[in-house]
Amino acid sequence: MKSDRIPEVLTAMSRKISEKKDFLTDLDNAIGDGDHGINMARGFAAVESRLPEFEGKDIGYILKTTGMTLVSVVAGSAGPLYGTAFMKAGMVMNGKNEMTADDFIECLNAAIDGVMMRGKAVQGEKTMLDAMIPARDAIVSAVKDGRNFPEAVKAGVEAAREGVEYTKTIIATKGRAAYVGERSLGHQDPGATSFTYLLETISEAL
Ligand code: ADP
Ligand code: MG
């Protein structure tokens with residue numbers, strides 16, 4: 001995927017998030033404070049407003065600016081967490097104008113490390129990591145099996161969806177949902193869900 005297509009993907013992410021805004025907010029209402037959809041929609045609307053600046057810029061610049069925008073405009077943990085994820089991916093793509101499947105895996109690795117560091121979380125705590133890590137693992141194994149970039153990301157989307165289902169079966173131990181304890185059982189994690197939407201958009205673009 002070339003750098004000139006990234007703004008198109010960010011626009012599609014913004015559209016998808018705005019379509020799913022109410023649903024994400026409902027999910028967060030059940031186990032948190034009901035702002036995840038609002039937070040994500042505000043963040044991606046701000047990213048969309050910066051798209052003209054991205055003309056002619058490399059992928060690293062675009063992803064880093066996206067991350068900084070999310071950190072600065074989003075209240076709530078999703079802003080710093082997704083912001084860190086995009087900034088870390090931006091560092092991987094520094095000066096690059098094309099993203100291969102291997103680059104994408106490196107971006108996901110950096111994004112996961114960033115979220116784990118920033119959120120002090122690991123897999124199995126009912127967070128976005130429960131979609132991100134299985135998605136990354138599925139993409140790595142698809143690429144190893146010789147599948148191309150679009151096919152690999154499609155496998156990643158399937159794994160992220162399964163990750164979202166898995167979050168229904170576990171108790172939250174990080175973020176606001178940790179306060180509701182056992183009552184978080186049976187509910188899917190909002191952040192794992194929004195990550196799945198973002199990955200779906202990338203898959204659709206590929
Ligand atoms: P807030 O929790 O501040 O209201 P949001 O509602 O926008 O922020 O985001 C909630 C989502 O953020 C959760 O569903 C979860 O996926 C993710 N999250 C919260 N805390 C953490 C953490 N410490 N590590 C990783 N992800 C987290
Ligand atoms: Mg919230």
Side-chain angles (χ1 to χ4, degrees), residues 10 13-48 63 66-89 107-138 156-157 159-202:
L10 291 170
M13 284 180 172
S14 182
R15 195 171 313 132
K16 173 99 76 182
I17 291 296
S18 116
E19 272 165 27
K20 305 289 188 182
K21 180 178 165 185
D22 292 342
F23 179 60
L24 290 172
T25 288
D26 289 346
L27 294 179
D28 196 29
N29 255 325
I31 58 172
D33 58 353
D35 63 355
H36 190 60
I38 296 160
N39 289 341
M40 295 297 287
R42 180 176 299 143
F44 276 92
V47 169
E48 248 192 300
L63 297 181
T66 296
M68 288 188 287
T69 305
L70 294 175
V71 170
S72 65
V73 306
V74 181
S77 21
L81 291 166
Y82 274 117
T84 303
F86 275 95
M87 287 192 286
K88 294 279 181 190
C107 283
L108 278 174
N109 283 336
I112 290 165
D113 287 348
V115 170
M116 291 178 85
M117 183 200 67
R118 185 101 200 202
K120 297 182 175 56
V122 295
Q123 194 171 7
E125 295 196 276
K126 199 175 181 108
T127 70
M128 55 179 73
L129 290 169
D130 295 317
M132 294 176 87
I133 293 172
R136 187 269 318 270
D137 292 347
V157 170
R161 287 182 186 144
E162 284 164 25
V164 168
E165 289 306 307
Y166 164 68
T167 63
K168 293 180 183 170
T169 70
I170 55 177
I171 295 171
T173 48
K174 283 281 152 47
R176 277 178 208 282
Y179 298 124
V180 307
E182 295 241 331
R183 274 208 301 115
S184 71
L185 274 179
H187 298 283
Q188 73 193 63
D189 179 62
T193 309
S194 60
F195 173 78
T196 304
Y197 295 147
L198 300 183
L199 194 62
E200 272 175 18
T201 332
I202 297 169

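Counting starts at 1 for both ligands and their atoms, in listed order. Heads up: numbering here begins at 1 and tracks the sequence.
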Worksheet entry | Heavy-atom neighbours of Arg136 CZ exceed 12 at 6.0 Å |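 Yes, because the 6.0 Å sphere around CZ of Arg136 holds more than 12 heavy atoms from other groups.
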Tell me whether [X] contacts the main-chain N or O of [Y] through its side chain, where contact means a donor paired with an acceptor under 3.5 Å.
{"X": "Ser184", "Y": "Ala172", "value": "yes"}
{"X": "Lys126", "Y": "Gly175", "value": "no"}
{"X": "Lys16", "Y": "Leu198", "value": "no"}
{"X": "Asp130", "Y": "Gly163", "value": "no"}

Practice prompt. Any chance you could measure Asp35, atom CG, to Asp28, atom CG, to the nearest 0.5 Å?
Written response: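 Those atoms lie 5.0 Å apart.
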Numbering as shown, the atoms of ligand 1 that approach [X] to under 4.0 Å (heavy-atom distance):
{"X": "Asp28", "value": "6 (O)"}
{"X": "Thr127", "value": "15 (C), 16 (O), 25 (C), 26 (N), 27 (C)"}
{"X": "Gly191", "value": "13 (C), 14 (O), 16 (O)"}
{"X": "Asp35", "value": "4 (O), 5 (P), 6 (O)"}
{"X": "Asp33", "value": "4 (O)"}

Look at [atom] and say which protein heavy atom is nearest, naming residue and atom and giving the distance to 0.1 Å.
{"atom": "atom 16 (O) of ligand 1", "result": "Asp189 OD2, 2.6 Å"}
{"atom": "atom 20 (N) of ligand 1", "result": "Gly175 CA, 3.4 Å"}
{"atom": "atom 17 (C) of ligand 1", "result": "Met128 CE, 3.9 Å"}
{"atom": "atom 21 (C) of ligand 1", "result": "Leu81 CD1, 3.6 Å"}
{"atom": "atom 1 (P) of ligand 1", "result": "Ser77 OG, 3.1 Å"}
{"atom": "atom 7 (O) of ligand 1", "result": "Asn39 ND2, 2.8 Å"}
{"atom": "atom 23 (N) of ligand 1", "result": "Gly119 O, 2.8 Å"}
{"atom": "atom 10 (C) of ligand 1", "result": "His36 ND1, 3.9 Å"}

Item to complete: Could you tell me whether ligand 1 has any atom less than 4.0 Å away from a heavy atom of Lys120?
Response: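 For ligand 1, residue contact (heavy atoms, under 4.0 Å) with Lys120 is absent.
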Worksheet item: For ligand 1, is Leu129 a contact, meaning one of its heavy atoms is under 4.0 Å away?
Response: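 Not so, Leu129 does not reach ligand 1.
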Discussion item. Counting C-beta onward and ignoring hydrogens, is there a side-chain heavy-atom pair between Val122 and Met116 closer than 4.5 Å?
Written reply: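 Val122 vs Met116: side chains touch.
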Worksheet item: Got a salt bridge between Lys168 and Glu165, using NZ or NE/NH1/NH2 to carboxylate O under 4.0 Å?
Response: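 A salt bridge links Lys168 with Glu165.
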Item to complete: Search all heavy atoms of Ala30 against all heavy atoms of Arg183 and return the closest pair with its distance.
Response: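 Answer, listing the atom of Ala30 first, then Arg183: O-NH1, 4.3 Å.
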Worksheet item: Which atom pair, heavy atoms only, marks the closest approach of Gln188 to Thr167?
Response: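 The pair with the smallest heavy-atom distance is CA-OG1, 3.5 Å.
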Out of the N/O/S atoms in [X], what is the name of the one closest to the Mg ion (ligand 2)?
{"X": "Asp28", "result": "OD2"}
{"X": "Asp33", "result": "OD1"}
{"X": "Asp35", "result": "OD1"}

Worksheet item: Yes or no on side chain to side chain contact (heavy atoms under 4.5 Å, CB included) for Met13 and Ile202, after CA distance, side-chain angles and deciding distance?
Response: CA-CA 8 Å; Met13 284 180 172; Ile202 297 169; 3.6 Å; yes
